[in-house]
Amino acid sequence: MLYGKSSISAYTRGNVCIWMVLAFQAGLLNIGGVLACHSFVSHVTGYASLFGVQANKGDYLAASGMLVVPLFFLLGAMLSGFLVDLQLKLHQQPRYYVVFGAIFIELLIVVIAGFNHLFGEFGEPMEKTRDYTLLALLCMICGTQNGLITLVSKSVVRTTHLTGITTDLGIGLVRVLNSGRLFGKIDDEGRANLMRIGIIVFFILGSVFGVRIFHSFEYRGFIFPAVISGSLFFLTFYFQVIRRRA
């Protein structure tokens, strides 16, 4: 992944480390959204449910917001598709560094806007346009990240929410427990299950540490995921651009 090669090994040490770090970052982003304006970030299913709740209450403005916000998750996934999947289909180098750079810039916007009180008071109820703006930005970040990792792992890994990965873990555990009956057809299933457990653990760790971080620093807490994305941007930029030219 770091080198931008089209032949991607799903379980290389570098890839697995990046997946765990991004799962930790996703935990930070989700708990940041919960504490900032009382809403999860990457749970698109939840937005559809909340749309039904608000529509039945007759609050059509809030219902519209619940439909618009997850569209930014879709836009983020499309951005990864354009910069990574399309490049691979055209037999060109995927631009991982541009994807991480976009996430880094979006997080800087969140930090700067929050620091200047453009999102209002930290922890206020989700009632105003500025709250939906914050969630839209965080959704786009998660959509971009999830689209990237889904592509490079060939749909094996998702790091921004746990529903899919928990489903895969359940199926994988059944395969491992019945390995004697499957005659060697599950060569990578043990490693895959360890990776899935790792993602769940790191997402939870991100949420746990995120509570302390955001309670202490409020909007400035988004500096921490910004540092993670910024580090991945400079790392991939070095391997894909600087080292390649050298």
Side-chain angles (χ1 to χ4, degrees), residues 1-2 8-36 39-46 73 76-77 80 84 96-97 99-100 102-104 106-107 110-111 137-173 176 188-217 220-236:
M1 179 177 175
L2 291 177
I8 299 164
S9 175
Y11 302 108
T12 62
R13 183 178 299 176
N15 280 354
V16 171
C17 287
I18 290 175
W19 297 340
M20 298 304 145
V21 168
L22 289 177
F24 183 84
Q25 174 173 283
L28 285 174
L29 293 175
N30 271 276
I31 200 64
V34 170
L35 296 177
S39 177
F40 292 107
V41 175
S42 61
H43 192 51
V44 176
T45 307
F73 190 98
S80 289
V84 176
Y96 299 133
Y97 66 95
V99 177
F100 285 123
I103 294 174
F104 176 52
E106 289 163 0
L107 280 168
V110 171
V111 172
L137 283 169
L138 295 178
C139 258
M140 188 167 184
I141 292 166
C142 285
T144 305
Q145 174 179 315
N146 206 53
L148 171 64
I149 301 305
T150 299
L151 285 169
V152 301
S153 69
K154 303 186 187 301
S155 300
V156 172
V157 183
R158 294 162 187 84
T159 58
T160 62
H161 53 280
L162 301 182
T163 305
I165 207 77
T166 305
T167 303
D168 294 340
L169 176 61
I171 295 170
L173 288 174
V176 169
D188 289 330
E189 205 61 47
R191 287 192 297 171
N193 286 336
L194 289 175
M195 176 271 298
R196 292 160 184 155
I197 293 171
I199 286 177
I200 294 170
V201 169
F202 273 84
F203 188 98
I204 293 172
L205 287 175
S207 299
V208 171
F209 283 100
V211 171
R212 295 188 176 185
I213 289 169
F214 286 103
H215 276 158
S216 299
F217 299 100
R220 287 172 291 180
F222 288 106
I223 291 174
F224 290 87
V227 168
I228 293 174
S229 293
S231 300
L232 290 172
F233 163 65
F234 287 112
L235 187 63
T236 50

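From a predicted model like this one, the values you see are computed outputs, not experimental measurements.
The shortest distance between side-chain heavy atoms of Phe24 and Ile228 falls below 4.5 Å. A heavy-atom distance below 4.5 Å is not found between the side chains of Asn30 and Val34. The side-chain heavy atoms of Tyr96 and Val84, taken from C-beta on, include a pair separated by under 4.5 Å. Taking 4.5 Å as the limit, every side-chain heavy atom of Val16 sits out of range of all side-chain heavy atoms of Arg191. For the pair Ile165/Leu162, a side-chain contact is recorded, criterion being any heavy-atom separation below 4.5 Å from C-beta on. Between Phe214 and Phe222 there is a side-chain heavy-atom pair separated by less than 4.5 Å.
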Check the pair Thr163, Thr45 against side-chain contact (heavy atoms from CB on, under 4.5 Å), reporting the backbone distance first and the verdict last.
-> CA-CA 10 Å; Thr163 305; Thr45 307; over 6 Å; no

Please lay out, stage by stage, how Phe100 and Leu22 fare under the test side-chain contact (heavy atoms from CB on, under 4.5 Å).
-> CA-CA 11 Å; Phe100 285 123; Leu22 289 177; 4.1 Å; yes

Stepwise, does the side-chain contact (heavy atoms from CB on, under 4.5 Å) test hold for Val152 with Trp19?
-> CA-CA 10 Å; Val152 301; Trp19 297 340; 4.3 Å; yes

I would like to know whether Phe209 and Phe224 meet ring-ring contact (aromatic ring centres under 6.0 Å, His included); could you show each step before the answer?
-> CA-CA 11 Å; Phe209 283 100; Phe224 290 87; over 10 Å; no

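Tested against Phe73 for a side-chain contact (heavy atoms from CB on, under 4.5 Å), the candidates Leu138, Ile141, Asn146 yield a single pass: Asn146.
Without hydrogens or angle criteria, Thr160 side chain to Ser42 main chain gives no donor-acceptor distance under 3.5 Å.
The two residues Arg196 and Gly172 come nearest to each other via the heavy atoms NH1-CA, 3.9 Å. Of all non-hydrogen atoms in Cys139 and Val41, the two that sit nearest each other are SG-O, 2.9 Å. Between Ser80 and Val99 the shortest heavy-atom distance is OG-CG1, 3.9 Å. Nearest heavy atoms, Phe104 versus Ala226: CD1-O, 3.2 Å.
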